[in-house]
Amino acid sequence: CKQREADKPKIALIMKSLANEFFKTMEEGARSHHKEHAGEYDLTVVGIKDEEDVARQVDLVELMIAQEVDAIVIAPADSKALVPVCKRAMDAGITVVNIDNKFDAGVLADKGAKIPFVGPDNRKGARLAGEYLASRLRPRDKVAIIEGVPNAFNGIQRTLGFEDAMRTGGMNIVSSQTAYWETSKANQVVSALVTEYADLKAVLCANDSMALGAVAAIKAAGKSDEILVVGFDNILAVQRLLEEGKILCTIDQHADKLAIYGIEYALEMLKGEGTPADRETPVDLITAETLK
Amino acid sequence: MRMIIEKRTAGLPAFVTDYLGMALALAGLIVYFGIKADNFFTLTTFRMIANQIPDITIIAVGMTFVLIIAGIDLSVGSVMALAGAVLGVCLVRFNLPLPAAIAACLAVGIVCGLANGFVVIRWRLPAFIVTLGMLEIARGGAYLVTDSRTVYIGGPVEVITDTSILGLSLPFIIAVVIVVMGQVVLSRTVFGRYLIAIGTNEEAVRLSGIDPAPLKLGVFVLCGFLTSVAAVIHTARMSSANPNAGYGLELQAIAAVVIGGTSLMGGRGSVVSSFFGVLIIAVLGTGLAQIGAQEPTKRLITGCVIVAAVILDHYRHRIRKGGGMGKN
Amino acid sequence: MRMIIEKRTAGLPAFVTDYLGMALALAGLIVYFGIKADNFFTLTTFRMIANQIPDITIIAVGMTFVLIIAGIDLSVGSVMALAGAVLGVCLVRFNLPLPAAIAACLAVGIVCGLANGFVVIRWRLPAFIVTLGMLEIARGGAYLVTDSRTVYIGGPVEVITDTSILGLSLPFIIAVVIVVMGQVVLSRTVFGRYLIAIGTNEEAVRLSGIDPAPLKLGVFVLCGFLTSVAAVIHTARMSSANPNAGYGLELQAIAAVVIGGTSLMGGRGSVVSSFFGVLIIAVLGTGLAQIGAQEPTKRLITGCVIVAAVILDHYRHRIRKGGGMGKN
Amino acid sequence: MTPAKNKTLLRASGINKSFPGVQALSGVDFDLREGEVHALVGENGAGKSTLARIIAGVETADSPKGQAGGMSLDGQAYRPGGRADAEADGVRVVMQELHLVANLTVAENIFIERMPSRFGFVDYEKLNRAAREIMTKVGLGAVEPSVAVRYLGVGQQQMVEIAAGLSRRCRILVLDEPTASLTDNEIELLFAQIRKLKDEGVGIIYISHRIEEVIDIADRVTVLRDGKVIATRSTSELSLNDIIRMMVGRDLEHEQLRHAGEAGKVALSVVGLTLGDRVKDVTFEVRRGEIFGFAGLMGSGRTEMARAVFGADRADSGEIYLHGRKEPVKIRKPRDAVRNGIALLTEDRKEQGLLLRLAVRANISLVRLCDVSRFGWINISRERSVAGRYVDALSVRCSSTEQTVGELSGGNQQKVVIAKWLYRDSAVLIFDEPTRGIDVGAKFEIYHMLGELAEKGKAVIVISSDLKELMAVCDRIGVMSAGRLVATFGRDEWSEEKIMAAAFSEYVTTRPGSKGSLCE
Ligand SMILES: Nc1ncnc2c1ncn2[C@@H]1O[C@H](COP(=O)(O)OP(=O)(O)OP(=O)(O)O)[C@@H](O)[C@H]1O
Ligand SMILES: Nc1ncnc2c1ncn2[C@@H]1O[C@H](COP(=O)(O)OP(=O)(O)OP(=O)(O)O)[C@@H](O)[C@H]1O
Ligand SMILES: [Mg+2]
Ligand SMILES: [Mg+2]
């Protein structure tokens with residue numbers, strides 16, 4: 001992409017951890033969309049090392065401002081810290097579209113910025129999974145929640161969604177701890193919880209990587225038949241576990257589509273169509289049945 | 001260290017005083033959590049811990065050796081991920097039989113260790129920075145091999161964790177055997193003696209007509225190899241190969257080894273003590289999770305326990321030696 | 001280092017040979033990315049890099065001092081988060097004026113440094129493990145203070161980044177001033193010379209009737225203080241205080257310092273070289289992002305560049321010294 | 001010569017000090033007068049350094065309850081809490097073991113705790129000027145004050161320590177074996193300084209194993225044995241033999257030192273060995289059963305030559321032939337040398353010879369672990385007995401073979417290094433300053449041992465700064481000057497004058513001011 005045609009808009013997709021399967025899928029979706037519409041826009045895809053690397057993501061936005069792109073589609077690693085730099089991008093005449101993780105409304109207001117959000121409602125998704133789980137449990141059953149990195153907005157939303165569903169169902173949340181989105185941390189925490197609460201009935205994990213760790217812990221404790229596991233993201237690795245029934249359900253936020261929605265929205269805005277309004281993307285419950 | 005100043009221990013036998021500080025710290029934690037948590041002091045908890053620690057234990061053994069020659073290996077976490085990734089891909093994508101896949105996995109660890117050792121020795125560079133480079137490289141490799149996706153393996157690899165002898169899981173037995181062998185090698189063999197000597201004064205060793213290079217290379221290779229053994233066990237335990245596995249593991253392993261009293265300056269260390277270090281960290285992690293501590297509390301307590309453990313170790317040495325020397 | 005063997009340098013002036021390796025590596029990277037990326041070789045890119053590096057530069061200066069006395073500080077990342085969190089909470093929750101909030105923030109850094117130094121010196125413990133403990137503790141503190149949520153500050157703190165003198169941002173100027181002062185202190189003042197002496201042979205210093213304890217404590221406090229200065233700048237740049245800030249920063253800072261040729265064994269180092277190390281890492285990161293490298297590639301290249309930089313440094317030394325001695 | 005009317009500066013009475021397993025000092029009485037040189041002599045491990053360290057505040061004496069053991073300075077109780085305390089009271093020590101900061105310059109090392117500064121900035125001009133002044137006095141005039149200490153040889157480093165000691169105004173100066181690696185030339189310069197200090201009324205405690213030197217410079221001598229004072233006498237009343245008898249507790253049989261070994265076939269032949277400008281085209285041969293000595297001024301390149309032969313430093317050119325073979329041996333690392341039956345006992349025992357934190361046993365067995373092991377397993381009891389044998393043979397004073405070497409006295413550490421190489425049993429042995437810091441009794445034992453080695457048909461090379469020692473034990477002496485082997489003398493050809501003249505020869509012809517020059 002050395003030569004740039006004057007009329008072709010340049011779009012930057014700034015994601016979180018490219019090492020994370022979810023964003024990997026998102027990236028691939030965007031790239032294949034770009035391949036099909038190569039005549040319409042140029043695409044740069046960048047990401048950060050891990051989701052804690054917020055400063056690096058700010059740097060990347062600045063980098064894209066320096067590169068004079070026309071639009072930025074961003075999945076912010078922090079819903080507050082990225083607002084000022086995105087505002088700067090808008091001041092530089094760049095169209096900004098927010099995907100995946102919604103910017104904090106208060107900060108947007110403080111900065112006087114209007115950035116449209118295209119993405120799923122994580123809380124709703126988590127509630128969906130939680131309700132499906134609740135249908136398999138009885139009130140006062142003990143459940144545990146494995147959270148994402150503290151401070152991660154979508155993680156917090158998912159926790160809230162799980163809690164909503166569990167409360168409505170009358171379940172007893174005995175513990176809610178973070179495992180930093182990581183398989184082995186989740187494994188350790190769930191192992192401990194399974195031991196501490198012998199009659200635990202379910203573990204709700206804020207992502208599928210942690211669900212994998214939870215499944216392994218439960219299997220090691222020999223309680224595969226007693227404890228249900230719920231995940232989020234629908235990564236490739238959990239599909240067989242869904243089939244085998246080791247994971248009850250997960251939520252698909254259509255990562256591959258998410259970036260495409262964002263890019264299409266940005267293209268629309270560049271053409272000057274419509275006012276920036278949020279657009280919610282679907283979240284779907286995935287269970288053994290839906291896989292078939 | 002232990003075997004060398006044995007004679008100087010007054011009163012209690014060396015074995016007891018050596019591990020006394022560690023054992024006390026461990027006992028303290030167990031009692032505390034036993035009281036605070038409902039089901040901590042149960043066989044299940046201990047079986048569960050035994051289940052979880054084999055991989056980190058094996059890595060801690062390798063790290064002990066590296067630290068003894070005054071080196072360090074920051075790449076263990078990434079190398080474990082890379083080796084595990086190769087194992088997973090061999091099994092799932094290439095449908096290789098388990099032994100072949102394991103062989104490939106171990107080869108990865110050995111090659112990484114060789115690369116670390118070669119660069120450190122050939123250009124006389126600090127191991128810290130070389131293995132930091134390897135940390136990045138191996139992690140990149142792990143993403144590449146798995147295409148940044150967790151590879152679910154399931155059955156083919158679970159046989160490893162499912163095998164158990166006399167109620168103990170195979171990984172745990174392997175880990176214990178490696179700890180015992182490591183300790184024996186370090187304290188009783190020519191190889192171990194040379195390593196301690198190199199860590200104490202490499203120049204004097206060289207001038208005694210012993211070439212430190214192959215010995216040091218051997219240690220890095222050993223560490224890489226043990227890391228890949230840990231990778232097999234870790235992958236089996238998770239039933240899947242995750243390219244993000246072992247993130248931050250290096251600091252955890254070093255913490256365990258140093259809590260066990262091994263010196264970062266080289267020349268002093270014990271594999272069994274490192275095992276105690278691993279146990280302390282594992283018990284702490286499990287205990288805190290069982291009492292449902294919140295993240296900030298967890299962090300604060302973990303930090304304090306790490307520091308407290310080494311301070312305790314300081315006093316243990318004081319008791320043994322009656323003060324003196326000790327350039328940190 | 002430079003000022004010590006000045007006399008022995010043949011041919012080129014010391015200043016040139018000293019930074020030659022670094023400068024070459026840096027120039028190489030810039031040329032490479034200038035060719036590969038469309039907009040790399042532009043003023044905007046350089047202004048952007050100048051914007052990004054002040055915080056890590058300042059931390060690298062503190063780290064250089066700590067490494068020179070043969071210590072290490074793994075807690076910088078967490079302490080930066082904690083200090084930033086205090087800054088944010090003071091501004092937002094307690095509505096303190098900026099100077100008061102900054103004072104509180106700096107106090108946090110100083111206290112953390114004091115705690116690190118005190119424990120290391122009082123019980124003669126390895127700095128590695130003590131600061132690893134502090135890493136956990138300060139991170140826990142940051143979560144506690146912010147209630148695990150990013151604290152958005154906005155305007156009140158943005159004045160710091162928005163101020164600019166002669167087209168250079170205030171943070172960048174502060175960072176450069178700190179680098180220059182650091183280098184001067186290290187090579188020209190009694191304090192600096194004592195630090196090099198302590199890193200080389202602490203026992204000899206002690207026997208010369210100089211008490212190393214307050215000097216070492218001073219270095220840990222200095223490192224803590226500089227970390228909190230970095231926290232102010234970082235927070236200003238982010239307009240918010242994030243309890244996860246500075247995650248993994250310690251290894252990054254150490255990598256920069258070691259690439260700059262400072263020895264992990266103490267007694268040898270240069271602040272200016274550390275700055276070069278920071279620049280190399282920053283240019284690498286920016287360049288790789290501009291050419292749109294994939295994550296695995298990025299990791300692989302970063303790792304290789306780190307190792308290549310130190311190998312290059314090895315040859316620079318060879319040229320300067322004409323071989324010989326060198327217990328790394 | 002001894003102004004008895006001079007008042008007492010320091011008085012120590014009933015000093016006790018014990019370490020785990022050893023009573024280093026028991027009930028030692030000692031006093032020092034103004035303007036006096038008071039020598040402390042005794043065997044290795046007799047407690048000399050310990051006493052010196054206690055006086056200098058580096059260590060504190062034991063204080064058993066109820067006993068009034070203690071020190072007084074000018075009649076006031078003197079209880080230094082550390083070296084800085086002692087210095088505040090005007091007591092300074094130059095210690096036996098080198099304590100320099102390798103990465104700092106010579107000048108910085110000399111003035112380390114009081115560098116001239118303005119607003120915290122070191123005033124390098126003033127510092128280097130002051131340093132040069134004092135360095136010239138002790139014979140370090142040829143060294144740049146701004147060179148890092150790590151580039152100096154052991155001898156020069158020791159002179160830096162001395163310079164640091166002399167540079168301070170003090171009332172009591174303790175010199176612990178200052179001359180152990182100095183040659184006569186530097187010793188003379190040092191003595192001139194000592195005499196000047198004496199005239200200024202400074203009290204000097206002088207520790208040395210070179211008894212002739214002690215008789216030369218000291219007013220009184222205190223002999224220590226096993227941590228107890230045997231006697232304190234005026235030197236004028238004593239002969240060399242009196243002192244030795246008191247030290248060792250018996251007469252040293254002064255039999256012929258010359259060994260009975262017959263020089264046999266050529267064992268080692270070095271041809272054209274060159275290493276930078278430190279070793280230039282050195283060619284020599286050593287036969288089996290022969291002791292070949294290397295004399296020379298400090299920094300003449302003897303150590304460098306030995307290291308190059310041993311492969312510790314890579315020579316630029318030159319060949320080494322063993323046992324008369326036609327093919328030169330390739331020696332690229334010390335390992336190659338040791339495999340080919342060459343041993344090198346380095347001059348710097350602390351940095352290059354010993355594993356200070358490990359046991360005596362581990363240090364001795366290191367060079368031949370295969371001998372105490374089977375299939376890679378160390379047989380600890382065999383290792384102990386082997387180490388025990390050498391400890392006995394060399395009468396190393398240690399609580400057991402398990403003691404950490406770092407805890408031994410300097411001379412006993414040196415013996416451990418020797419024991420290690422004896423155990424290796426090489427055909428060619430190079431000893432670089434083997435008697436550095438070793439007491440007279442033990443020196444003779446080492447001379448005998450060297451003779452025995454020669455008798456067994458080994459080729460022995462001895463590098464020493466003590467010319468008398470070389471003349472006593474060697475069959476031939478090669479003299480090095482500024483990196484060249486300028487002359488070789490047989491037993492009947494040499495004399496002290498001839499050797500010294502040869503040692504100076506290259507410096508006279510080279511341009512003054514060049515490295516190693518002895519102008520000033
Ligand atoms: N730190 C220590 N720990 C244990 N023992 C020690 C220590 N320092 C000295 N000793 C012992 O005290 C005794 C006296 O040692 P000291 O160094 O005073 O001897 P010295 O007379 O100076 O001998 P040399 O002539 O060999 O230097 C020796 O037996 C030595 O092993
Ligand atoms: N690594 C080095 N780099 C530069 N110069 C060195 C180095 N090592 C030694 N020298 C210098 O080379 C010369 C020869 O030193 P060497 O130690 O071989 O002499 P020596 O005759 O054994 O005397 P000494 O009694 O000092 O050991 C000295 O001037 C010394 O300062
Ligand atoms: Mg002594
Ligand atoms: Mg010499």
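Chain identifiers are assigned alphabetically (A, B, ...) following the order of the sequence lines, protein sequences preceding nucleic acid strands; residue numbering begins at 1 within each chain.
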Within the structure provided, determine whether [X] and [Y] are in side-chain contact (heavy-atom separation under 4.5 Å).
{"X": "C:Val184", "Y": "D:Phe121", "value": "yes"}
{"X": "D:Leu104", "Y": "C:Ile196", "value": "yes"}
{"X": "C:Asn201", "Y": "D:Leu100", "value": "no"}

- Let me know if D:Val122 has heavy atoms under 4.5 Å from chain C in its side chain, its backbone, both or neither. both
- Message: Does any backbone or side-chain atom of D:Arg114 lie under 4.5 Å from a heavy atom of chain C? Answer side chain, backbone, both or neither.
- Response: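 The answer is the backbone of D:Arg114.
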Within 6.0 angstrom of [X] [atom1], more than 12 heavy atoms from elsewhere:
{"X": "D:Glu133", "atom1": "CD", "value": "no"}
{"X": "D:Lys350", "atom1": "NZ", "value": "yes"}
{"X": "D:Arg79", "atom1": "CZ", "value": "no"}

With no hydrogens and no angle check, is any side-chain donor or acceptor of [X] less than 3.5 Å from a backbone partner on [Y]?
{"X": "D:Asn103", "Y": "C:Ala197", "answer": "no"}
{"X": "D:Arg83", "Y": "C:Gly209", "answer": "no"}
{"X": "C:Tyr194", "Y": "D:Ile112", "answer": "yes"}

- Item | Between CZ on residue D:Arg118 and OG1 on residue C:Thr189, distance to nearest 0.5 Å |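 These two atoms lie 14.5 Å from each other.
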- Item | Spacing of C:Ile210 atom CD1 and D:Glu113 atom CD [to the nearest 0.5 Å] | 6.0 Å
- Query: Given the options D:Asp123, D:Asn109, D:Val101, which has more heavy-atom pairs under 4.5 Å with chain C than any of the others?
  - Reply: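 So the answer, after comparing D:Asp123, D:Asn109, D:Val101, is D:Val101.
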